[in-house]
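To find a chain, count down the sequence lines: A is the first, B the second, and so on, and within it residues start at 1.
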Amino acid sequence: MHHLSCAALLLGLLASPANAEEATHGHIAVHGGCLNEIGGCENGHAEVKIEGTRLRMWLVGGGNNTTTAMRVPDASIALAITIGTGQPPRTLVLAAKPLILAEETIGACSYFEANADWLAGVAALKATGSVQFNGKKADLVIEWPHGFDPDHDVPAATPAAK
Amino acid sequence: MNLLRIVLTSLRQHLFSSGLAAMSIALGVALLLAVTSLREQAHRQFTQVGLGVDAVLGPKGSPLQIALNALYHLEEMPGRIAWTYYQAVKANPMVADGFAFITGHSYAGYRVNAVESRFLTDFEYLPGHRFSVAAADGGSGRLFSGKDEAVAGAEVARALGLQLGQTFNPTCGVTAGDPVHVNDHIAFVGILAPTGTPHDRAIYIPLESFYTLEGHGASVAAMVKDLDHREISGAYLKLQRIRGDAYNPGVTELQYDINQSTKAQLVMPAEVMPRLFLIIGWVDQVLWAVGMMVALLAAAFLAFALVATLRERRRDLALLRALGARRRTIFGLVLAQALAISLAGAVIGWLLGHLLTGIGCHFVKAETGMSFTTWYWSSADFGLLPAALVLGTLAGLWPAIQAYRLGLLATLKPQS
C-alpha cells in the first residue's frame, strides 16, 4: 500500500506541468498564479494571475508563508508593463480591492487588480513598479507567467509578444 | 482410489494437526480482513462522504479539532465566531447555504447542539437525504418549534431509551463534573430517523434556546435579539464547488480570504480528515503487521504439520510408489493437502474476518455514530484468498519435495 502511494506520488510529480514549478519556485501559489519575489525570497512575493482582460495581484509572505496575505498601505500600484521586444511600456494602475472576509480596508490591503483590453491574449509580460512592503518602499518586478526569482532565474530578454 | 479421496482421507486421519493449521491460517486471514475492511470504511466515511458538509466555518484554532467537533461530536470548539461574520460569509456568491450551530453542551454523555431550525428541514446530510421524524422513515414525534424543546438523534434515543415528552437538563460543558442547567427542563418532542452518520449521536435544540439557558448571563441572553453581538460556534456550509464540470477556483479564494481574517477560518473536511489518518495510521499498520505475522506463522506451522504427517505416512507413500504412482503424483498429493488446508483456512478466515468486522462496526457506531457494514467488500476480500493459497503452496513445497525424494527401497525395508 505504502509503495503504491509512493508510486502514485511519483507519477503525480512526473505528470505535473514543468512550468507550474517554474512559476512558483517551489512555493505554494494559492490562487494558481506566478510568484514574483519582492526584495528577496524571504521578504515577500506578489502572486500574479491574468484572467482575460483582468490582471490580479495578491501580496503574500516570503519563504514558506506564501499562503499568508501581506497588507500594504498603498491605495493603488502603478506598473510599467512591457509586452514585446521594442514595444514602449504601458502603464497599468492596479487598484486596491480589500478582501472583505479578510477584514481588509484600503490602506491595509493585500489584493490589487486592474482591467485592460490589451491584456487579452498576452502570452508573457514584464512589469516594474514599487510598493510599500513590510514598512519599506520596495521595487516590484513581475515576470508573467514564469515569475520573478533573481536568485534562480537565468537573465532573460524582454518577453516577446504573442 | 483417486487423488482427491487420498487427500481427504489423509486430512481426516490427521484432523487435529490439519485443523490447527487451517485455524491458524484462518486467524491471520480474519485479522487482516477485519483491519483492512474497517480501515477502508473509516477512510471512506471520514474523507469522502463528508456528512453533507462542504466546509465548516469555525473560529481560529486547530482545523482538525474543529472538524471533529462540528462533524463527529468529539473534542471541543476552540472559540466562537460572530454572527455578523457568518452572515458576511453566507452572502458570498461561493456559498450556496449555511447552517449555524453552537456546541459545548451535553446530556448523559451525548452532545447537545443548538442549531438553526432550518438545519433539520433543509440540510442534506447525504445528497437527496434530509432529516426526518416520519414514522415511515423510523423517526417519531415532530421537529422542535419552541424554546424548551429538543429532538434527539436516533442513536442517542436508542442508547438512552428516550421517550417523547421526556425532559432533561443540559450540562453546561462536555466533561464529567461540568455544571448542570438545573432549572432548564427541555422536552424531547421528536426522534430523528436513523441517518447512519454521526448526526445520530447528538441532541438538537433551537439556536435561540442556547442563549436563554439560565446561568449564561445577561450579555449572552441579549444575543437572542442583538444580532450584532451574537456569537456562534460555527456553521456548516454548502459551497458552489463545481463550475461547469470543473472544480470552482472560487472555493480556494473563499478559503484564502476567510483564513486571512483574525476572526475565523474555513475548514474543508476533505482536506483535514486525511490528516487524522496520518496521525493514527500507525495503529492499523501495527494490526496489519500482527495479522501478517500470524499468517506467516500459520504457514510455517502448516509446513511443520505436513512434514510431521509425512513422517507417519512414509510407508503409505512408498507403497503408492510401489503400486505404480509416479514421483510427481506423490509431490502433487502433499501439495494438494497443503492447498486444501490453506483453502479451508482462507474460507473460515474470510467468514471470521467479516464476523470481526461486524463486531468492530458495533463499537464504531457506539463511539462515532457512523454506520459501517459487516459485508463491506474491501481490497482484502479480493486479495486474501489467492494470497492464502499462494502461501499454502509455498508452505507445502518443502514437505512435497521431501515426499518427492522419498527412497522406495529404503522406506519399504522391513524394520526390526
S.K.: Please identify, among B:Q260, B:K263, B:E253, B:Q255, the residue contributing the most non-hydrogen atom pairs under 4.5 Å to chain A.
M.R.: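 Top count of heavy-atom pairs under 4.5 Å with chain A: B:Q260.
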S.K.: Count the heavy atoms of every other residue, nucleotide or ligand shown that sit under 6.0 Å from NZ of A:K97, and state whether that count exceeds 12.
M.R.: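 Atom NZ in A:K97 is not packed in, count stays at 12 or less.
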S.K.: For A:N64, is the CG atom crowded, meaning more than 12 foreign heavy atoms sit under 6.0 Å from it?
M.R.: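 No, the 6.0 Å shell around CG holds no more than 12 heavy atoms from other groups.
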S.K.: List the atom of A:L101, the atom of B:S261, and the distance in Å for their closest heavy-atom pair.
M.R.: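 Minimum heavy-atom separation between A:L101 and B:S261: O-CB, 3.2 Å.
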S.K.: Report which part of B:N259 has an atom under 4.5 Å of a heavy atom belonging to chain A: side chain, backbone, both, or neither.
M.R.: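 It is neither, since no heavy atom gets under 4.5 Å.
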S.K.: Return the set of residues passing side chain to side chain contact (heavy atoms under 4.5 Å, CB included) with A:T67 (not counting sequence neighbours), or none when no residue passes.
M.R.: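 Per chain and number, A:T67 pairs via side chain to side chain contact (heavy atoms under 4.5 Å, CB included) with A:I28, A:V30.
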S.K.: If the contact rule is any heavy atom under 4.5 Å from chain A, which residues of residues 380-387 of chain B qualify, in numerical order?
M.R.: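 Near chain A, by residue number: none.
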S.K.: Answer whether the closest heavy-atom distance between the side chains of B:D257 and A:I100 falls below 4.5 Å.
M.R.: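 They are not in contact (no side-chain heavy atoms under 4.5 Å apart), so the answer is no.
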S.K.: Heavy-atom distance under 4.5 Å between the side chains of B:Y256 and A:L99, does that happen here?
M.R.: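 Of all side-chain heavy-atom pairs linking A:L99 with B:Y256, at least one is under 4.5 Å.
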